[in-house]
2 protein chains.
Amino acid sequence: MHRFSKKVSMTVVKRLPKYYQYLTDLQLNDIEKISSRELASLMGLTASQIRQDLNSFGGYGQQGYGYNVSELRNAIKDILGLDYEYSCIIIGAGNMGHAIANYERFRREGIILKGVFDVDPLRIGTVVGSVVVKHMDELEEFVSQNEIDVCILCVPREVGQQIANQVTSFGIQGILNFSPMDLEVPKGVEVENVNITDSLFTLTYRLKDYKISTEDNPETSDD
Amino acid sequence: MHRFSKKVSMTVVKRLPKYYQYLTDLQLNDIEKISSRELASLMGLTASQIRQDLNSFGGYGQQGYGYNVSELRNAIKDILGLDYEYSCIIIGAGNMGHAIANYERFRREGIILKGVFDVDPLRIGTVVGSVVVKHMDELEEFVSQNEIDVCILCVPREVGQQIANQVTSFGIQGILNFSPMDLEVPKGVEVENVNITDSLFTLTYRLKDYKISTEDNPETSDD
DNA sequence: TAGATTGTTAATCGATTAACAATC
DNA sequence: TAGATTGTTAATCGATTAACAATC
């Protein structure tokens with residue numbers, strides 16, 4: 001019965017990393033307390049929403065005072081599961097795999113890179129993020145000998161599903177998927193997609209009007 | 001008054017790239033029509049939601065028949081603004097910059113890479129995604145001579161805001177931001193964040209329960 | 001025509017905003 | 001105590017689901 005039993009809505013959970021980020025920054029700047037109003041203006045939310053969000057788990061605020069930054073940060077850290085360490089492997093040692101492997105923040109938050117795998121002979125044996133790239137053939141044995149929590153998938157679309165099948169059959173419970181496709185996984189396996197193309201397209205959607213207004217439009221004069 | 005004037009809710013817009021992806025795949029497989037029920041089971045949505053979504057812009061369906069795949073795909077392509085070409089530059093020629101530069105799908109959908117910029121002398125002059133890396137000092141002139149729609153920002157957190165200030169002052173209207181921070185930009189400039197850490201943390205949130213249940217728990221026996 | 005499937009309305013659900021009493 | 005600010009309730013808004021008449 002330790003930790004938070006109240007269930008937090010997924011909408012709120014998706015905002016928690018952002019809260020965590022801002023609270024971490026505040027803490028680094030030695031700011032000890034913050035009100036919902038101040039945090040709201042910082043993060044671009046409403047004070048009301050923040051109070052609702054933070055109240056959906058414990059009561060970390062204090063009337064007349066606000067929220068204690070480090071206390072609230074720790075609470076959110078716990079909720080996000082960041083009080084544990086997670087072992088991860090990267091599959092696909094291309095540019096994206098490299099980028100993630102060198103992402104310092106992951107290690108700092110307890111996501112420990114244990115292995116990198118690829119099938120390209122040119123990549124195998126090279127060092128990526130302090131780890132030597134192994135061939136995919138060694139994956140099964142590696143996973144059975146090292147408890148791996150997360151697989152970071154950075155492979156082409158064509159092989160994504162097949163590799164997802166493999167890693168889940170080896171018992172990996174979480175996939176952070178950079179391959180541009182949806183994955184079908186057994187029940188119980190958690191997948192988080194990072195779909196760069198999707199993000200780009202919501203941007204082009206918003207740029208479209210600007211694009212239209214700046215294009216040559218010879219019919220404008222007669223109405 | 002050409003094109004879609006009905007406003008589509010942002011919730012729906014965020015789903016459109018996924019529709020677009022699935023419809024593209026269907027088209028590649030020579031499938032001409034699809035019902036909301038079939039598409040729902042494919043995409044993991046409800047048929048009802050799909051009909052609501054697709055009906056928030058034009059009436060691309062036909063009773064008793066379903067939706068014409070290529071017609072619907074074209075409509076969504078238009079709404080997402082993908083009937084235009086967009087020029088883009090990448091700032092930051094690190095691993096992430098490389099990864100994006102080599103992302104074939106961007107070019108295929110009309111996002112054309114025009115330049116890559118960095119400050120690291122070792123990177124300047126190298127070729128990234130068929131483009132020669134230039135020094136940031138050349139950015140202003142480059143942007144003034146090439147109409148650039150989108151800046152893809154792949155720089156460290158520390159310099160993200162400063163570079164965003166620069167590119168917006170040069171007139172760039174859209175930023176796809178891979179730097180792990182929120183950007184303050186002038187009104188009218190559109191920013192889409194791809195925050196990898198945030199994605200990872202919503203994954204650890206979901207893995208937490210599993211982690212708890214598998215950790216050694218010597219107190220379990222006495223209750 | 002009969003069957004299928006949309007478009008659309010109504011019902012439900014959930015999230016955000018507003019307001020204020022509780023309380024530090 | 002007086003002022004500030006939360007926790008929490010109520011009101012509003014928006015999104016999803018359900019249901020079915022319209023129609024191809």
Side-chain angles (χ1 to χ4, degrees), chain A residues 4-19 22-23 26 31-76 79 198 202 205-206, chain B residues 4-19 22-23 26 31-76 79 198 202 205-206:
Chain A
F4 309 96
S5 35
K6 274 196 214 174
K7 59 187 171 326
V8 184
S9 88
M10 206 53 205
T11 328
V12 175
V13 170
K14 289 213 201 87
R15 274 193 291 268
L16 289 184
K18 193 172 169 183
Y19 283 116
Y22 275 85
L23 290 166
L26 287 168
I31 291 165
E32 280 171 18
K33 78 171 187 75
I34 192 154
S35 70
S36 57
R37 195 175 42 72
E38 291 167 314
L39 193 56
S41 98
L42 221 52
M43 294 179 63
L45 303 174
T46 67
S48 195
Q49 182 172 43
I50 287 184
R51 290 204 299 278
Q52 289 280 16
D53 281 1
L54 301 185
N55 225 220
S56 69
F57 49 93
Y60 290 92
Q62 193 168 70
Q63 281 102 328
Y65 174 82
Y67 298 86
N68 178 292
V69 170
S70 78
E71 198 187 332
L72 182 58
R73 178 179 177 275
N74 284 334
I76 292 175
I79 294 170
D198 288 2
T202 63
Y205 169 81
R206 289 183 280 150
Chain B
F4 309 95
S5 35
K6 275 196 215 177
K7 59 187 171 327
V8 184
S9 86
M10 205 53 206
T11 326
V12 175
V13 170
K14 289 213 203 87
R15 275 193 290 268
L16 289 184
K18 192 173 170 181
Y19 283 116
Y22 276 85
L23 291 166
L26 287 167
I31 292 164
E32 280 171 21
K33 78 169 186 78
I34 192 153
S35 70
S36 56
R37 194 174 44 73
E38 291 168 313
L39 193 55
S41 97
L42 222 51
M43 294 180 62
L45 303 174
T46 68
S48 196
Q49 181 172 42
I50 287 185
R51 290 203 299 280
Q52 288 280 15
D53 281 1
L54 302 185
N55 226 220
S56 68
F57 50 93
Y60 290 92
Q62 193 168 72
Q63 281 102 329
Y65 174 82
Y67 298 87
N68 178 293
V69 169
S70 77
E71 197 188 333
L72 182 58
R73 178 179 177 275
N74 284 335
I76 291 175
I79 294 170
D198 288 3
T202 62
Y205 169 82
R206 289 183 280 151

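We name chains A, B, ... by the order of the sequence lines, and we start the count at 1 in each one.
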So which heavy atom on [X] is nearest to which on [Y], and how close?
{"X": "B:R15", "Y": "B:L45", "value": "CD-CD1, 4.2 Å"}
{"X": "A:I50", "Y": "A:L39", "value": "CD1-C, 3.7 Å"}
{"X": "A:A75", "Y": "A:Y60", "value": "CB-CZ, 3.4 Å"}
{"X": "B:V12", "Y": "B:S56", "value": "CG1-OG, 4.0 Å"}
{"X": "B:T202", "Y": "A:K14", "value": "CG2-CA, 4.2 Å"}
{"X": "B:A47", "Y": "B:A40", "value": "N-CB, 3.4 Å"}

Between atom [atom1] in [X] and atom [atom2] in [N], what is the gap in whole Å?
{"X": "B:L72", "N": "C:dG7", "atom1": "CG", "atom2": "P", "answer": "10 Å"}
{"X": "B:L39", "N": "C:dT6", "atom1": "CG", "atom2": "C1'", "answer": "14 Å"}
{"X": "A:L54", "N": "D:dT6", "atom1": "CG", "atom2": "C1'", "answer": "11 Å"}
{"X": "B:K33", "N": "C:dA4", "atom1": "NZ", "atom2": "P", "answer": "11 Å"}
{"X": "A:Y60", "N": "D:dT8", "atom1": "OH", "atom2": "P", "answer": "14 Å"}
{"X": "B:N55", "N": "D:dT16", "atom1": "CG", "atom2": "C1'", "answer": "15 Å"}
{"X": "A:E38", "N": "D:dT6", "atom1": "CD", "atom2": "C1'", "answer": "13 Å"}
{"X": "A:R37", "N": "C:dA19", "atom1": "CZ", "atom2": "C1'", "answer": "17 Å"}

Strictly below 4.0 Å: does [X] bring a side-chain N or O up to OP1 or OP2 of [N]?
{"X": "B:Y67", "N": "D:dC24", "answer": "no"}
{"X": "A:Q63", "N": "D:dA4", "answer": "no"}
{"X": "B:T46", "N": "D:dA18", "answer": "no"}
{"X": "A:R51", "N": "D:dG7", "answer": "no"}
{"X": "A:S9", "N": "C:dA15", "answer": "yes"}
{"X": "B:S36", "N": "C:dT5", "answer": "no"}

**Request:** Report the residue (A:A47 or B:T11) whose heavy-atom-nearest nucleotide on DNA chain D is the more 5′ of the two.
**Result:** A:A47

**Request:** Return yes if the base of C:dT9 and the side-chain atoms of B:Q52 contain a donor-acceptor N/O pair under 3.5 Å, otherwise no.
**Result:** yes

**Message:** Could you check whether the side chain of A:S48 and the base of C:dA18 have a donor-acceptor pair of N or O atoms closer than 3.5 Å, going by distance alone?
**Reply:** yes

**Request:** Can you spot which of B:I79, B:D53, B:V8 makes a side-chain contact (heavy atoms from CB on, under 4.5 Å) with B:V13?
**Result:** B:V8

**Item:** Position toward the 5' end of DNA chain C (nearest nucleotide), B:I34 or A:Q49
**Value:** B:I34

**Prompt:** How far apart are the C-alpha atoms of A:Q62 and A:K33, what are their side-chain angles, what is the distance that settles it, and do they pass the side-chain contact (heavy atoms from CB on, under 4.5 Å) test?
**Reply:** CA-CA 10 Å; A:Q62 193 168 70; A:K33 78 171 187 75; over 6 Å; no

**Message:** Nearest to the B:S35 side chain among D:dC24, C:dT5, C:dT8, which nucleotide is it?
**Reply:** C:dT5

**Item:** Which nucleotides of DNA chain D pair, in dot-bracket form (Watson-Crick or G-U under 3.5 Å, | meaning another strand)
**Value:** ..||||||||||||||||||||||

